[in-house]
Amino acid sequence: MHIKFIPLDFDSFDRGEKAFVRIWGRTLEGKRCCVIDSCDSYFWLIPKEHANIEKYAEKVRKVRLEHAGRTARVIKAEIHKKNFRDREITAIKVYVENPKDIIIIKDIVKSFPETEDKKEQDINYVTRYLIEKDIKPLMWHDVSGGETKHSDLDVDVEIWAEKISLSKEQPEFKPKILAFDIETSELEIGKGQILMISVADDKTKKVLTWKHFKNPPEEVEFVKNEAELIIKFKEAIRNYRPDFIVGYFSDAFDLPYLRMRAEKHDIKLDLGLDWSNINFIRGMIPSSKITGIVHLDLYKFVNNIIAYILKSETISLNDVAKELIGEEKLKVDLNKITKELKESKGQLEEAELRKFCLYNLQDSVLTSKLFDKLWPNIAEMTKIVGEPLYNASRSAYSQLVENYIIHNLKEFNEIIENRPISDEIGNRREGRYSGAFVFQPQPGLYEKLVVFDFRSLYPSIITSFNISPTTLQKEKTNAFETPEVELAGKKKVYYFNKKKSFIPELLDRLLNQRKKLKDELKKKYSPELDARSYALKTLANATYGYYAFFGARYYSIEAAASITAFGRYYIKKVMDEAEKKGFKVIYGDTDSLVMMLNNISEKEALNWLEKKNDELPGTMELELENFFKRGIFVTKRTGETGAKKKYALLADDGSMKIRGFETVRRDWCNLSRNLQDEVLRMILKDGKHEKALSHVQKIIKELIAKKVPIEKLIIRTQLKKAINEYENIGPHVVVAQRMQELGLPVKAGSMIEFVIAKGEKKSLVREKAKLPEEVKEGQYDLDYYLDHQIIPAVENIFLVFGISKEQLIQKQKNLMDF
DNA sequence: GCGGGCTTGTTACC
DNA sequence: ACCGGTAACAAGCCCGC
């Protein structure tokens with residue numbers, strides 16, 4: 001039998017002594033399939049320099065051990081010429097019957113006197129299989145083999161593969177999904193009950209609940225009780241036959257909660273296509289896996305991959321959906337509902353229940369739409385790194401970079417480096433090195449500016465100077481020499497071999513693919529290509545950080561420190577040359593320079609840019625960011641020097657670029673943020689301060705007159721750790737404590753909202769920090785908002801025009817005195 | 001008990 | 001624990017007076 005199918009999920013199982021991989025997917029005809037295949041299980045031994053390799057291999061072949069009811073033994077040991085960390089070596093490939101045996105065998109052979117090291121013993125079987133057989137997740141494959149008839153798997157087709165290969169044609173694949181969301185009577189897992197469960201995709205909309213009420217909306221279906229609710233939910237998934245089930249924060253909430261309640265009712269969560277239970281993977285970051293149906297937790301992907309390009313100040317479903325799909329959650333007072341459920345022994349008013357159901361449904365609808373939006377990103381990233389979707393969608397950048405590397409080492413004949421052991425991780429974490437250069441700006445208002453920046457600075461340095469843990473060498477010959485590197489408090493120079501190594505080479509490919517894609521995208525836009533371009537760019541950018549990440553297989557603090565040293569060298573060099581040309585350098589951070597054109601024309605500036613690019617080595621390239629009409633740089637709060645990482649620029653097209661100011665900081669109240677934003681805009685548009693000054697004075701007047709609504713005075717600060725772990729009890733910690741007393745949900749990661757209320761004059765800020773609902777209109781601490789919010793947000797801006805703090809509040813003081 | 005230096009904590013920039 | 005260093009700044013803590 002022959003089919004064309006797309007691999008969506010993977011797992012492995014044992015039959016007899018041998019391990020097999022199951023690939024779960026869809027055929028071209030839309031049938032659900034399971035392809036069973038296997039590959040060799042092996043790891044590598046690197047012998048000591050003077051070991052007799054033949055004798056060594058012979059010794060290894062004889063290793064066997066009875067363990068846990070089976071015999072772990074070496075079935076084959078071959079001598080191979082390989083590369084390891086770019087050096088040619090002779091290594092022994094040690095085959096075992098079952099991947100489980102690796103852990104037993106490796107410990108025995110590790111103690112042999114001939115053994116220098118063991119490698120690839122930490123590659124899991126599915127990853128091994130994907131590499132060995134060149135299987136690409138989410139890409140169509142042709143497979144032929146024998147069909148199994150008497151299977152109990154919940155699939156339409158089951159094949160034991162004989163031949164499997166990537167298809168030439170790659171038609172579009174649209175997965176069948178089911179988004180879901182649960183509502184519970186308590187937020188803590190282990191307490192309370194599940195009240196309702198909703199499911200949705202672009203057609204289906206359904207809410208299951210055992211809370212009955214009159215005239216329910218058509219999407220609502222009533223069940224008897226919580227047990228039936230869980231069973232019906234199971235049935236819904238079984239009948240709908242989705243490829244993925246999709247949640248938001250479902251790894252940490254919905255599924256663990258479901259598990260607790262299912263256990264309570266003695267219901268099996270046997271959702272797997274092999275009828276297995278949901279597998280709850282413990283660990284620092286728990287996750288939940290269903291065999292054959294990929295459980296996607298969009299929160300994880302947003303948090304790891306997308307968050308830093310979002311403008312949203314939180315990654316709650318509401319904020320993320322608002323920004324990405326322009327829709328929001330229904331507004332329901334969850335705290336009130338939870339409270340009422342507790343106090344009235346589970347009785348809610350009908351109107352409230354109806355609303356609660358629709359709220360529940362909307363969450364699933366948003367999750368479904370968010371999936372549609374993010375799917376190109378998830379899919380493209382998965383395809384590039386080569387790991388199964390389940391893993392790739394949960395991985396942080398370090399892991400993705402690493403997977404991209406290890407899935408591409410075969411062609412370099414490279415043995416994969418080990419993951420570091422915990423002692424090693426401890427050592428690595430202490431290492432410190434110098435990073436980027438930041439230019440010390442002179443405070444002031446500047447006109448006619450140009451901003452240049454290096455395109456992908458660190459990736460271009462890595463490829464141009466072949467920087468890798470494996471190219472670092474002692475000798476000067478045939479090597480790139482670094483500028484002065486600052487590492488562990490010492491100044492050094494390092495050398496990197498010029499012979500192209502695998503990581504810089506793979507990085508080069510990412511960058512080149514992206515270049516091509518960008519040209520394609522210019523001709524014709526598509527969300528898939530755009531998503532691929534984003535994945536390529538961000539993976540490339542994460543490579544430098546990967547080198548410095550303590551958990552990396554290819555860790556090298558020397559490499560990381562060398563990259564930043566090159567960065568410092570070139571940005572300073574370009575700044576010097578710009579000054580010589582006649583530009584006035586105003587500011588610069590890492591890879592950018594902000595300059596006054598002086599009397600240089602825009603055209604001449606661009607010519608100069610081109611000339612610089614001819615001189616820059618390798619793939620390093622300086623590009624135009626934009627021309628700006630005006631820009632403002634301010635002093636630090638303490639002292640007269642200019643503040644770094646804090647400026648505002650007005651582009652020729654009228655758009656603003658504001659960085660670092662309180663306007664963009666979420667831990668300042670909206671009154672200050674908005675006021676500062678308006679002040680910056682007025683000043684940069686006019687080039688004068690008068691209008692902005694009177695605007696500030698108007699706001700101060702309103703504040704003094706207690707006319708500012710509490711809502712605008714809310715300060716938001718994230719609780720970064722558990723309440724009792726704080727040494728310094730700041731305002732947000734006190735408010736978090738208060739929330740806990742009131743039974744409101746607070747934990748590490750919660751956003752704490754508070755208002756500084758009227759209180760004793762000399763008291764600590766935290767003593768006046770109250771929940772917004774606890775503060776009546778006008779009952780805010782005027783002095784606090786004046787001295788700690790409004791004035792600090794604008795005083796340094798006006799100082800540029802010689803306006804002092806006293807002048808800002810002059811007239812108002814009198815007002816206060818009366 | 002007061003003030004200033006230091007530390008802790010959060011958020012931003014690139 | 002899930003990429004790095006650089007930087008600004010608020011507020012509490014702590015010690016010397």
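Below, chain A is the first sequence line, B the second, and so on; all start at residue 1. Both backbone and side-chain heavy atoms feed into the values below; hydrogens, waters and symmetry mates do not.
Centroid-to-centroid, the aromatic rings of A/Phe566 and A/Phe465 come within less than 6.0 Å. Aromatic rings of A/Phe633 and A/Tyr587 (six-membered ring for Trp) have centroids within the 6.0 Å cut-off, being under it.
The shortest distance between the side-chain N/O atoms of A/Tyr726 and the OP1/OP2 oxygens of B/dT10 is below 4.0 Å. Using a 4.0 Å cut-off, some side-chain N or O of A/Ser398 falls inside it from OP1 or OP2 of C/dC3. At the phosphate of C/dA10, OP1 or OP2 sits under 4.0 Å from a side-chain N or O atom of A/Arg637. At B/dT11, none of the side-chain N or O atoms of A/Arg673 fall inside 4.0 Å of OP1 or OP2 (strictly under the cut-off). Taking only side-chain nitrogens and oxygens, A/Lys300 never comes nearer than 4.0 Å to OP1 or OP2 of C/dC2. In this structure, A/His732 does not reach the B/dG9 phosphate: none of its side-chain N or O atoms is under 4.0 Å from OP1 or OP2. OP1 or OP2 of C/dC9 lies within a sub-4.0 Å distance of a side-chain N or O belonging to A/Lys646. For the OP1/OP2 pair of B/dT11 and a distance below 4.0 Å, the side-chain nitrogens and oxygens of A/Lys645 include no atom meeting the criterion. Taking 4.0 angstrom as the limit, A/Tyr647 places none of its side-chain polar atoms (N or O) nearer than this to OP1 or OP2 of C/dA8. Within the structure, a side-chain polar atom (N or O) of A/Arg432 is placed less than 4.0 Å from OP1 or OP2 of C/dG5.
Counting non-hydrogen atoms under 4.0 angstrom, A/Gly660 reaches the backbone sugars and phosphates but no base. Among the atoms of the strands shown, only primed sugar atoms or phosphate atoms (P, OP1, OP2) are found under 4.0 Å from some heavy atom of A/Gly435. Among the atoms of the strands shown, only primed sugar atoms or phosphate atoms (P, OP1, OP2) are found under 4.0 Å from some heavy atom of A/Tyr784. Among the protein residues, A/Ala548 comes within range of the sugar-phosphate backbone only, with heavy atoms under 4.0 Å from sugar or phosphate atoms but none that close to a base. A/Leu457 comes within 4.0 angstrom of nothing in the nucleic acid, heavy atoms only. Using a 4.0 Å heavy-atom criterion, one finds that A/Ile425 contacts no nucleic acid atom at all. Contact annotation for A/Thr564: no contact, since no heavy-atom pair falls under 4.0 Å across all strands.
Of all nucleotides listed (B/dT8, B/dC14, C/dA11), B/dT8 comes nearest to the side chain of A/Glu727. Between C/dG12, C/dG5, B/dT10, one nucleotide has an atom nearer to the side chain of A/Tyr433 than all others, and that is C/dG5. The A/Phe549 side chain lies nearest to C/dA1 when the options are B/dT10, C/dA11, C/dA1. Out of B/dT11, C/dA1, C/dC2, the shortest distance to the side chain of A/Arg429 is found at C/dA1. Side chain of A/Phe550, nearest nucleotide from B/dA12, C/dA10, C/dG4: C/dG4. Relative to the side chain of A/Arg666, the nucleotides B/dA12, C/dA11, B/dC13 differ in distance, and B/dA12 lies closest. Minimum atom distance to the side chain of A/Thr717 is reached by B/dT11, of the listed C/dG12, B/dA12, B/dT11. Comparing atom distances between the A/Lys720 side chain and each of B/dC13, C/dG12, B/dT11 picks out B/dT11 as nearest.
Between A/Phe439 and A/Phe437, the ring planes lie perpendicular to each other; the angle is over 60°, past the 30° to 60° tilted range.
You'll find the side chain of A/Gln399 stays beyond 4.5 Å of the side chain of A/Phe549, heavy atoms only.
No hydrogens or angles were tested; on distance alone, a donor-acceptor pair under 3.5 Å links the side chain of A/Arg665 to the base of B/dT11.
Look at CG on A/Leu400: it is 19 Å from P on C/dA1, rounded to the nearest Å. Spacing between atom CG of A/Asn728 and atom P of C/dC14 amounts to 8 Å, rounded to whole angstrom units. At whole-Å resolution of the value, CD in A/Gln789 and P in C/dC9 are 14 Å apart. Atom pair A/Arg428:CZ and C/dG4:P shows a separation of 12 Å (rounding to whole Å applied). Here the C1' atom of nucleotide C/dG4 and the CG atom of A/Asp591 are 14 Å apart, to the nearest Å. For A/Asp787 and C/dC9, the CG to P distance is 17 Å, given to the nearest whole Å. One atom, CD1 of A/Ile461, and another, P of B/dC14, lie 17 Å apart when rounded to the nearest Å. If you take CD of A/Glu424 and P of C/dA1, they are 16 Å apart, rounded to a whole angstrom.
For the atom pair OH (A/Tyr390) and CG (A/Leu296), the distance works out to 9.5 Å, reported to the nearest 0.5 Å.
The residues A/Asp589 and A/Lys645 are annotated as salt-bridged, a charged nitrogen and a carboxylate oxygen being separated by less than 4.0 angstrom. Salt-bridge formation is not detected for the pair A/Lys758/A/Asp781: no Lys NZ or Arg NE/NH1/NH2 atom is positioned less than 4.0 Å from an Asp or Glu carboxylate oxygen. Ionic pairing of A/Arg394 and A/Asp251 is present here: one or more N-O contacts between side-chain nitrogen and carboxylate oxygen are shorter than 4.0 angstrom.
Here the separation of B/dG9 from C/dC3, taken at their P atoms, is 22 Å to the nearest Å.
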